[in-house]
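In what follows, a single structure is set out as C-alpha cells and then discussed.
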Amino acid sequence: MRLCRFNDQRLGLVEGDDIIDVTAALDALPSYRYPLPSYDVLIANLPAVCSRIREMLASQTAAPRHRLPEVTLLSPVANPGKVVAAPVNYLKHLEEARADAAIHHQNQVGEIQRVGLFLKANSSVVGASAGVTLARPERRNDHEIELVAVIGKTGKHIAAADALDYVAGYCVGLDMTVRGPEERSLRKSPDGYTVLGPYLATADEIADVANLELSITVNGEVRQQANTRDLVLGVAELIAFASSFYTLHPGDVLMTGTPEGVSQVHAGDHMRASIAGLGTLAVDVR
Ligand code: MN
C-alpha cells in the first residue's frame, strides 16, 4: 500500500495520482494515556490500519477521491521519535565532498564506517507541501536526495540479515543542509530541513531496495542521479549499525545518505525528487 497524510490530518490510500480517503481506518489505533508513546503510533499499528483499509475497500466504504497533485501533502510520518542520518554513504559523494571546500568547510569528511551516523531534530520534518524556507539564506543551502526507510517495530542489536523485517516502508527524503563549519546535526535541523513523502510505500511494495533509481531536478535541470546499488552501507547494514548504538522504534526515520551532485538552491527554486516506486517529492524553496 501507498499511504499519504494530507490536508487536515487525513489519511489517504494512493493509487496512481488518485487518493482514496481512508481516514476512518485510524479508528483501528488503540487509545493512549499520558505519557504518550515516544514513537509514531500510526507506524506502530500499521498492520492493523492496513487491514482496516482492506476491509473498507472490500465493503466499498472507502471514501472520496482526491488528486495527489492537488492536496496539501504532510509528512507520511507524523511523529518520528528520531531521524537517523548517514553522512557520506555514496563513494562519489565522498570524493566530491573532499574536493570542494564549499562543502567540507575544513570539517573532516570520513568514511561512514569510521564517522558513523548523526541525528537530525525531529522538529525539522515536514511534508512536500510545506516547502523549504531557507534558514540561513546568506549561506550555501544544498539539496540532498535520499532513500528513506521508516522503522516499523522496536529493535536493538538487529542483525543485518534480519534488518529489512524491521522496515515499515520507504519514502523519498530531502536532507536539506546549510553548509558551514558547525556540526551536521545543527546545520541539517532547521525547521523544514527534512522533507519526507510524497507517501509511504509499505515495504512489500518494493521488490529490491538495493536497486532503485533516484534523481532530483532543480527548475527542471538534473542535479543528482544515482542508484541505491551504489550505497556504501545498504539499508540493512545501516539498521544494524544504528541499532548497535540505540534502540530503534516504530516511526524512526532512517535517511540513507545522498549521492554525488549536491548543489545550492535559492528562494524561488522548485525541486522534484524522485525514487523508483516511491513517487516524486515536489518542493518549493522559499
Ligand atoms: Mn544527507
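In listed order, ligands and their atoms are each counted from 1.
- One side chain, Thr258 or Gln224, offers a donor N or O that lies under 3.5 Å from an acceptor on the other.
- Exactly one of Lys120, Arg187, Arg184 qualifies for a salt bridge (Lys or Arg N to Asp or Glu O under 4.0 Å) with Asp175. That residue is Lys120.
- No hydrogens or angles considered: nothing links the side chains of Thr217 and Arg272 as a donor-acceptor pair under 3.5 Å.
- Among the heteroatoms counted here (N, O or S) of Glu146, OE2 is the one nearest to the Mn ion (ligand 1).
- Using bins of under 30°, 30° to 60° and over 60° for the plane-to-plane angle, the ring pair Tyr32/Tyr39 lands in the perpendicular bin.
- Looking only at N/O/S atoms, Glu144 comes nearest to the Mn ion (ligand 1) through OE1.
- Sorting the N, O or S atoms of Asp175 by how far they are from the Mn ion (ligand 1) puts OD2 first.
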